[in-house]
Visitor: 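The structure is given below, and queries will be raised subsequently.
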Amino acid sequence: MNYIQSYISEHKDRFLNELIELLKIPSISADSNYKNDVLKTADTIKTSLKEAGCDVVEICKTEGYPIVYGEKIIDKNLPTILVYGHYDVQPPDPINLWDSPPFEPVIKKTDKHPDGAIFARGACDDKGQMYMHVKAMEFMMATNQLPCNVKFMIEGEEEVGSANLATFVKNNQEKLKNDVILISDTGMIANDVPSITTGLRGLSYVEVEVTGPNRDLHSGLYGGAVANPINVLTKMIASLHDENNHITIPGFYDKVEELSKEERAEMAKAPFNLDNYKKALNIETVYGEAGYTTNERNSIRPTLDVNGIWGGYTGEGAKTVIASKAYAKISMRLVPNQDWENITQLFKTHFENIAPKAVKVKVTPHHGGQGYVTPINSIGYKAASKAYQDTFGKTPIPQRSGGSIPIVALFEQELKSKTILMGFGLDSDAIHSPNEHFGIWNYLKGIETIPLFYKYFTELSK
Ligand code: BES
Ligand code: MN
Ligand code: MN
């Protein structure tokens, strides 16, 4: 056992218990009923950063939830790593689908996690992954091995669009100055197939409202004679994809970066088993844009999905009614070069254009962000790759993810530095779903790998 491994095995139980305590606080940023819990989580993180050895720790107020900032500057001439993470979590709904309460963490074994996994909302996204960095810091400070400067920026509004973080970053360029940004808020292929995320998709999220008659109507007296907004909305939504599952919004694909044959062939080398994929989701067959593989559909191709749709009568029994209004929430995942504000505008114009005269439509943008790709020849990527090589015994595979962390593109724009995405979660960890969990092995592997990134990044920067 090396230095890091023996430190981890000595402190393993405490590392787990501290994370469990953190997971007990329901820091749901989307629901204002949990305001005090979100604030309490920020305080807890501040204390743990201090205890880990940061000498400056602050709660930075914003117009929303605060940003926890911490730093340890050992020598201005050495490189600086900026760690970003988030302490807020998704709402746990639907709560009745959880096998144990979302904020009462329990450890259970699973097929993918034979050593056990912690089940709780936020276990993987992102409290568990963020806390690996705090514990890696503790290790480096306790053993006198911090090789460079470090800054922490842990926010509480990632799951609701990071609106105030953008302002904070723009106003604090000097304070946040760094040589590389390090984030653990993504996943990897499998515990025996380490990978580093090299891309994130952008996002445009909109809400639509379709209004027909000025009041709910008897569906017998008026049915067939006036537009039913739910019928119209579903027809409009259905028309947004053609028979090849291409998106029909004019201009939608104009800026999409097309990958070369070689790049696609390289991507196809990543291990992927379609049968296991289907089995895990209990589906007969996959579905998506013609001409692309499953891995391409969920990473290098843009998408449009309805996330929620409602209107009319949904209570018990039957009520004969034509609703006055129908609604839907729609997200578009974007790829490099697509501009989220432009796509939002294209959607709005198209949706208004295809609406029949018999209804009025309103399109309200929620939030969005640009996609991101990071090169694999940067010092940061090389340092991460070497770190994984040491702890997993294998070279990690670069892989583009389908998820979004919209703030990453803004970091590059404002702070002029690259982001390295060292994610240790698995797709099967059920982030945003009931029974979210994070493997204990993954948690400890992350704590073991992070200090090596610091070491190699410092060495390679010389
Ligand atoms: N950590 C996720 C993003 C993620 C997960 C990226 C796994 C890659 C792999 C993040 O917390 C998240 O959920 N992002 C949202 C967007 C945000 C604006 C709400 C998403 O991707 O839906
Ligand atoms: Mn996250
Ligand atoms: Mn999330």
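All ligand and atom numbering here is 1-based and tracks the order in the structure. By convention here, the first residue in the shown sequence is residue 1.
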Visitor: Between the candidates S401, S404, G403, which shows the shortest non-hydrogen contact distance to atom 3 (C) of ligand 1?
Guide: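 Closest candidate by heavy-atom distance is S404.
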
Visitor: Is S331 touching ligand 1 with its side chain, its backbone, both, or neither, if touching means heavy atoms under 4.0 Å apart?
Guide: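 For S331, there is no contact with ligand 1 at all, from either part.
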
Visitor: If we ignore angles and hydrogens, is there a donor and acceptor under 3.5 Å between the side chains of Y87 and E158?
Guide: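 There is no such pair between these side chains.
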
Visitor: Do the numbers put K394 on top of the ring of Y388, so that NZ or CZ is under 6.0 Å from the six-membered ring centre and no more than 45° off the axis?
Guide: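 The answer is no, since K394 fails at least one limit relative to Y388.
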
Visitor: Find out whether the Lys NZ or Arg CZ of R297 is both under 6.0 angstrom from the six-membered ring centre of Y292 and within 45° of the ring's axis.
Guide: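 Not satisfied by the 6.0 Å and 45° rule.
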
Visitor: For residues D390 and Y456, is any side-chain donor paired with an opposing acceptor at under 3.5 Å?
Guide: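 Present: a donor and an acceptor within the cut-off.
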
Visitor: Is it true that D185 lies under 4.0 Å from ligand 1, counting heavy atoms only?
Guide: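 Contact check D185 vs ligand 1: positive.
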
Visitor: Just let me know how R333 lines up against ligand 1, side chain, backbone, both or neither, with a heavy-atom cut-off below 4.0 Å.
Guide: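 The part of R333 near ligand 1 is the side chain, not the backbone.
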
Visitor: Tell me whether the centres of the aromatic rings in Y443 and F15 are closer together than 6.0 Å.
Guide: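 No: the rings miss the under 6.0 Å criterion.
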
Visitor: What I want to find out is whether E436 reaches R121 closely enough, with some N-O distance under 4.0 Å, to be called a salt bridge.
Guide: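 Counted as a salt bridge, because a side-chain N and a carboxylate O are separated by less than 4.0 Å.
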
Visitor: Are the side chains of K362 and Y327 in contact, using a 4.5 Å heavy-atom criterion?
Guide: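 With C-beta onward as the side chain, the pair stays apart.
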
Visitor: Please say whether the positively charged group of K445, taken as NZ for Lys or CZ for Arg, lies over the ring of F424, i.e. under 6.0 angstrom from the six-membered ring centre and within 45 degrees of the axis.
Guide: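 No, cation not above the ring by the 6.0 Å, 45° rule.
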
Visitor: Is H86 in contact with ligand 1, taking contact as a heavy-atom separation below 4.0 Å?
Guide: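 Contact present.
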
Visitor: Is it the case that atom NZ in K278 sees more than 12 heavy atoms from other parts of the structure closer than 6.0 Å?
Guide: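 Yes - once you tally the heavy atoms of other residues, nucleotides and ligands closer than 6.0 Å, there are more than 12.
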
Visitor: Just heavy atoms, cut-off under 4.0 Å: does T186 contact ligand 1 by side chain, backbone, both, or neither?
Guide: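 The answer is both.
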
Visitor: I need the contact type for I431 against ligand 1. Using non-hydrogen atoms and a strict under-4.0 Å cut-off, is it side chain, backbone, both or neither?
Guide: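 I431 to ligand 1: side-chain contact only, backbone stays beyond 4.0 Å.
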
Visitor: Distance alone, cut at 3.5 Å: any donor-acceptor contact between the side chains of E155 and Y65?
Guide: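 Their side chains do not contain a donor-acceptor pair, so the 3.5 Å distance test is not met.
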
Visitor: Where the closest heavy atom to atom 10 (C) of ligand 1 is concerned, which of H432, E158, H366, M188 has it?
Guide: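 Ranked by closest heavy atom to atom 10 (C) of ligand 1, first place is E158.
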
Visitor: Please identify which atoms of ligand 1 are closer than 4.0 Å to at least one heavy atom of P406.
Guide: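 The atoms of ligand 1 under 4.0 Å from a heavy atom of P406 are 18 (C).
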
Visitor: Sort by chain and number the protein N/O/S atoms found under 2.8 Å from the Mn ion (ligand 2).
Guide: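 Near the Mn ion (ligand 2), the protein supplies H86 NE2, D125 OD1, D185 OD1, D185 OD2.
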
Visitor: What I want to know is whether E159 and ligand 1 share at least one N or O pair that is separated by under 3.5 angstrom.
Guide: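 Yes, at least one N or O pair falls under 3.5 Å.
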
Visitor: Which of these passes side-chain contact (heavy atoms from CB on, under 4.5 Å) with L421: T197, I196, T198, D185?
Guide: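 That would be T197; it is the only one of T197, I196, T198, D185 passing the side-chain contact (heavy atoms from CB on, under 4.5 Å) with L421.
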
Visitor: Distance under 4.0 Å to a non-hydrogen atom of H367: what atoms of ligand 1 satisfy this?
Guide: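 Those atoms are 18 (C).
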
